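In what follows, a structure is listed as structure tokens, so that the remarks can point back to it.
Just so it is clear, the structure is predicted and the values come from calculations on it, not from any experiment.
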Amino acid sequence: MAVTESGAAIGYEQARDELIDVVRRLEAGGTTLEEALALWERGEELAKVCRHWLEGARARLDASLAQERDGSDQEG
């Protein structure tokens with residue numbers, strides 16, 4: 001589980017869905033400057049969480065592919 005700056009554990013899908021909502025709210029406008037800044041900051045935090053999860057997934061895939069490659073090299 002990735003942890004936000006506030007210390008809350010959050011999964012990829014939850015972070016992604018909340019980030020989508022933040023972007024929609026910012027694009028819709030109608031917020032005060034203070035609200036928009038708070039939304040922007042939350043969006044940045046959520047983007048970091050998503051990036052953390054995606055980098056972890058990439059590392060797992062790379063490790064799996066390397067293990068598969070090493071196994072096929074030893075068979076031949």
Interatomic spacing from CZ in Arg42 to CG in Leu26 - rounded to 0.5 Å: 13.0 Å
Could you check whether any side-chain heavy atom of Glu18 comes within less than 4.5 Å of a side-chain heavy atom of Ile10, counting everything from C-beta outward? yes
Smallest separation among heavy atoms of Val49 and Ala15, with atom names: CG1-CB, 3.7 Å
Closest heavy-atom contact between Trp53 and Tyr12? NE1-N, 3.4 Å
The criterion is side-chain contact (heavy atoms from CB on, under 4.5 Å); which residues satisfy it with Glu35, sequence neighbours excluded? Thr31, Thr32
Same hydrophobic cluster for Trp40 and Val22, using side-chain heavy-atom links shorter than 4.5 Å among ILVMFWY? yes
Contacts of type salt bridge (charged side-chain N to carboxylate O under 4.0 Å, His left out), residue Arg69, not counting sequence neighbours: none
Hey, what do you get for CZ (Arg60) to CD (Glu55), rounding to the nearest 0.5 Å? 14.5 Å
Interatomic distance, Cys50 atom SG to Glu45 atom CD [nearest 0.5 angstrom]: 11.0 Å
Measuring from atom CG of Asp62 to atom CD of Gln67, what distance do you get when rounded to the nearest 0.5 angstrom? 13.0 Å
Report yes or no: do Leu54 and Leu46 belong to one cluster of Ile/Leu/Val/Met/Phe/Trp/Tyr joined by side chain heavy-atom distances under 4.5 Å? yes
Drop me the distance from Lys48's NZ to Glu44's CD, to the nearest 0.5 angstrom. 7.0 Å
Give a yes or no on whether a salt bridge exists between Arg16 and Glu13, defined as a side-chain N under 4.0 angstrom from a carboxylate O. no
